[in-house]
Structure formats: C-alpha cells, structure tokens
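First up is the structure itself, then whatever we jot down about it.
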Amino acid sequence: MPVASVAALRTAGGSGRRRGAGSPQVGLNGGRFLMMQRRELVTKAGIALAVSCSMATSPASANGSAQGLEILPFKPDGYNFWTWRGRRIHYVEQGAGRPIVLIHGFGASAFHWRYNIPELAKKYKVYAIDLLGFGWSEKALVDYEATIWMDQVSDFLREIVKEPAVLVGNSLGGFTTLFTATEVPELVRGVVLLNSAGQFADPDKPAAAPAAEEGEEGSPLSRFVVKPLKEAFQRVVLGFLFWQSKQPARVEKVLRSVYIDPSNVDEYLVGSITAPTADPNAGEVYYRLMSRFMSNQSRYTLDRLLGKLACPLLLLWGDLDPWVGPAKAARIQEF
C-alpha cells in the first residue's frame, strides 16, 4: 500500500491565517487538489458534529468567489438524485475526465466541498455524494452502521460512476472510503483521507466484549427494565442536543470557535448544515446515529481496514485541527 503524507499548510506571514488560492496544492494524478481542513463541533455533552471547510480565507463576495476561487452555487432543492434501494440519494456531478468521488463528514453534505468541486472539475469528473441520512439524501429510518454507507458508495460507483475512481473522504467520509476500498478494490483507484474518522483497536479491550453484551441483552431484567430506561434517557438527552444543533445561531457560534478563519462562516455554510434538520425524520435519524452507530465504531478499526488496503493512499491533515490533530495521520503512516 503506497502512502503519501502531506504536511498541512502553515500560517502565512505570521498573520495567523491559512493560505488560500495562492497556497501550495497537492498533485493528484497530474492535476491539483485543493487541501481541505476538517473540524469537529463538540457540544458540552461531548457529542461531535464534524464539518468540512475549504482552505479559502476570504468571505464570499457578491459574485460568489473567495480569493478568486469559484464556488458551487447553493441549490435549496439539491442537484441530482439517484434511487438506491428505494431511497433518494443526492449527489453533485461536474466536469469531465477521470472520476473523483468526494464523501463528506458527519453532519455535513456535498455542499461542504463548495470550493473544491469547481476547481477539481477543471480536470476531472467530480462527484460529491450525500450519505444516507445526511444532507439532501433521504432521512431513512434504518439501523445505521458502517456497512450501510460502504454499500451505498460501492453501488454508486457501479451504477453512477461506472468506472474505477479515486475516493476522497473527510471525517466519517474518510472512514467510509477506506471501508469501500477494502471491500470493492476493483472499483477504487486510490484513497485520499482528510482528517479521517476511525480508531485503532484497543489492545486492552477484551475481544469477547460483544458476545458478553449479547448475553446481557437476553436477560429479562435487561430487556424489560434496563434497556427501556436507558433508551428513554438517551432520547431525552439526544433530543435536546439535536434541538441545539439545528439552531442557526448556535451552529454559527460553534463554527466560529473552530474555524481558523471565521470569515468562512457565512450563510451558505450555516444553511447547508441547518437545512437538512428540517426534515421530519431528522431527529430520529440523529438519535439512531448517536445511540447506535457511534457506540459501535470499535467493530471496524483502522487496523483492520489499513491491513486490507491495496490501492495508493494519500493523507492530508490540518495541523491546526483543535479536535483531531495530525498524530493520527502519523500513526496511519507508520502502520
């Protein structure tokens, strides 16, 4: 597995601001790839909402550009839709050439690649997909776990892209790209991780823990008392957190606290996060994601996925990320 590791951009001229259009870029198959950052918004209860932001450092002007970068027009009704297993999936498609598929992070959408899509589309066929339950894709009431997004991306490659592609993932999208590349290697030419989610296995955690959990599930006390009380408590707490996460003022405040350049926090960005929360099923999807998927992440570790990865891997990591620093990137490279 060839691995290329690229150091994150340093601050320019001591100003404390990241470089934008004039900063170094990363070559990708002869083209140029705009570096991105990942940020996680953590509530007081410790629940993380990952967001992506472009490296442009000036606010969008009236003509929709930042430091000369073209921006993807925001469409309240979305761009393209694909029916997958009876579910409506949103995606953006631009450009021509070899395909690149962009996969967003937790709580984000295709619109978070707003500066990258037009730039990459100058040389590539670019797709940006909304994972099931996120963005403009359907808020399906299903059991969410890692395999569902892996299956979704795999089928997207088969049915929409129709040829091997480079997968680019941020946060949860990064984990999904790794999982997809290991399960359907014939469809993936390479993987790019931008401050990716995922964790390494804990050597001190007993391997039999899941089995013990299943045994407890079968006891009458657990089924009729403990489990219902636990679920009721989770619903109250997560319901409040979801209500907080859909308030524009709250979203803007947290974004400004984690963006290196808060001028990127505009109506476009805030709207792309809050608009999907208006869906009638959004609250239930949030509950299922936080109570089930987030608690089962240890089932699919980076050790397992990296050990099976056969295609080239490019690591991009923002060294000023306040939540997930470049230490994980170094460990991935060592592995």
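- Between His112 and Leu269, some side-chain heavy-atom pair lies under the 4.5 Å cut-off.
- Using modelled atom types, one side-chain atom of Asn195 and one backbone atom of Gly318 make a donor-acceptor pair closer than 3.5 Å.
- Two residues are said to be in side-chain contact when any heavy atoms from C-beta on lie closer than 4.5 Å; Val285 and Phe134 fail this criterion.
- Taking the six-membered ring for Trp and thresholds of 30 and 60 degrees, Tyr79 and Phe111 have ring planes inclined between 30 and 60 degrees apart.
- The shortest distance between side-chain heavy atoms of Glu163 and Pro99 falls below 4.5 Å.
- Of the inter-residue distances, the one linking Leu306 atom CG with Leu193 atom CG reads 8.0 Å to the nearest 0.5 angstrom.
- No side-chain donor-acceptor contact under 3.5 Å links Lys125 to the backbone of Val161.
- The two residues Val251 and Val270 come nearest to each other via the heavy atoms CG1-CG1, 4.3 Å.
- Two residues are said to be in side-chain contact when any heavy atoms from C-beta on lie closer than 4.5 Å; Ile129 and Leu102 fail this criterion.
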Note to self: Could you walk me through whether Thr147 and Tyr300 satisfy the side-chain contact (heavy atoms from CB on, under 4.5 Å) test, starting with their C-alpha distance in whole Å, then the side-chain angles of each, then the deciding distance to 0.1 Å, before giving a yes or no?
What the structure shows: CA-CA 9 Å; Thr147 57; Tyr300 306 97; 3.4 Å; yes
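- The distance from the OG1 atom of Thr277 to the OH atom of Tyr286 is 11.5 Å, given to the nearest 0.5 Å.
- When His90, Gln152, Arg88 are each tested for a side chain to side chain donor-acceptor pair (under 3.5 Å) with Asp130, only one passes: His90.
- Of all heavy-atom pairs spanning Tyr124 and Arg98, the tightest one is CB-O, 3.3 Å.
- Applying the 6.0 Å contact sphere to NZ of Lys308 captures more than 12 heavy atoms from other residues, nucleotides or ligands.
- Residues Glu186 and Val184 have side chains in contact (heavy-atom distance under 4.5 Å, counting atoms from C-beta outward).
- Summarising the geometry of Ile117 relative to Ala128, their closest heavy-atom pair is CD1-CB, 3.7 Å, with the distance given to 0.1 Å.
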Note to self: For Lys328 and Trp317: C-alpha separation, side-chain torsions, deciding distance, then whether side-chain contact (heavy atoms from CB on, under 4.5 Å) applies.
What the structure shows: CA-CA 9 Å; Lys328 183 189 286 187; Trp317 221 275; 3.7 Å; yes
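- Side-chain contact between Val192 and Thr177 is absent, with no heavy atoms from C-beta onward closer than 4.5 Å.
- Rounding to the nearest 0.5 angstrom, the gap separating the SG atom in Cys311 from the CG atom in Leu167 is 7.5 Å.
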Next item on the list: Please lay out, stage by stage, how Ile160 and Trp84 fare under the test side-chain contact (heavy atoms from CB on, under 4.5 Å).
Entry: CA-CA 11 Å; Ile160 302 297; Trp84 176 68; over 6 Å; no
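- Across all their heavy atoms, Pro276 and Ile273 have their closest contact at CD-O, 3.5 Å.
- Of all non-hydrogen atoms in Arg158 and Lys162, the two that sit nearest each other are O-CG, 3.4 Å.
- Here the CG atom belonging to Asp303 is positioned 9.5 Å from the CD atom belonging to Gln199, to the nearest 0.5 angstrom.
- No side-chain heavy atom of Ile71 sits under 4.5 Å from any side-chain heavy atom of Leu69.
- Shown are Trp82, Trp136, Phe156, Trp113; of these, the ring-ring contact (aromatic ring centres under 6.0 Å, His included) with Tyr91 is made only by Phe156.
- Looking at Phe335 and Leu302, their side chains never come closer than 4.5 Å, going by heavy atoms from C-beta outward.
- Of the possible polar contacts, one joining the Thr180 side chain to the Thr176 backbone as a donor-acceptor pair under 3.5 Å is found.
- Here the closest non-hydrogen pair linking Ser171 and Gly105 is CB-CA, 3.7 Å.
- Note that the CD atom of Glu252 and the CG atom of Asp266 stand 9.5 Å from one another [nearest 0.5 Å].
- How far CD1 of Ile332 is from CG of Leu178: 7.0 Å, rounded to the nearest 0.5 Å.
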Notebook entry, point to check: Would Leu132 and Arg85 count as a side-chain contact (heavy atoms from CB on, under 4.5 Å) if you check the C-alpha gap in whole Å, the side-chain angles of each, and the deciding distance to 0.1 Å?
Noted result: CA-CA 11 Å; Leu132 186 69; Arg85 297 183 180 179; over 6 Å; no
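- For the pair Asp279 (side chain) and Lys139 (backbone), a donor-acceptor distance under 3.5 Å is absent.
- In this structure, Glu267 places its CD atom where only 12 or fewer heavy-atom neighbours from other residues, nucleotides or ligands lie under 6.0 Å away.
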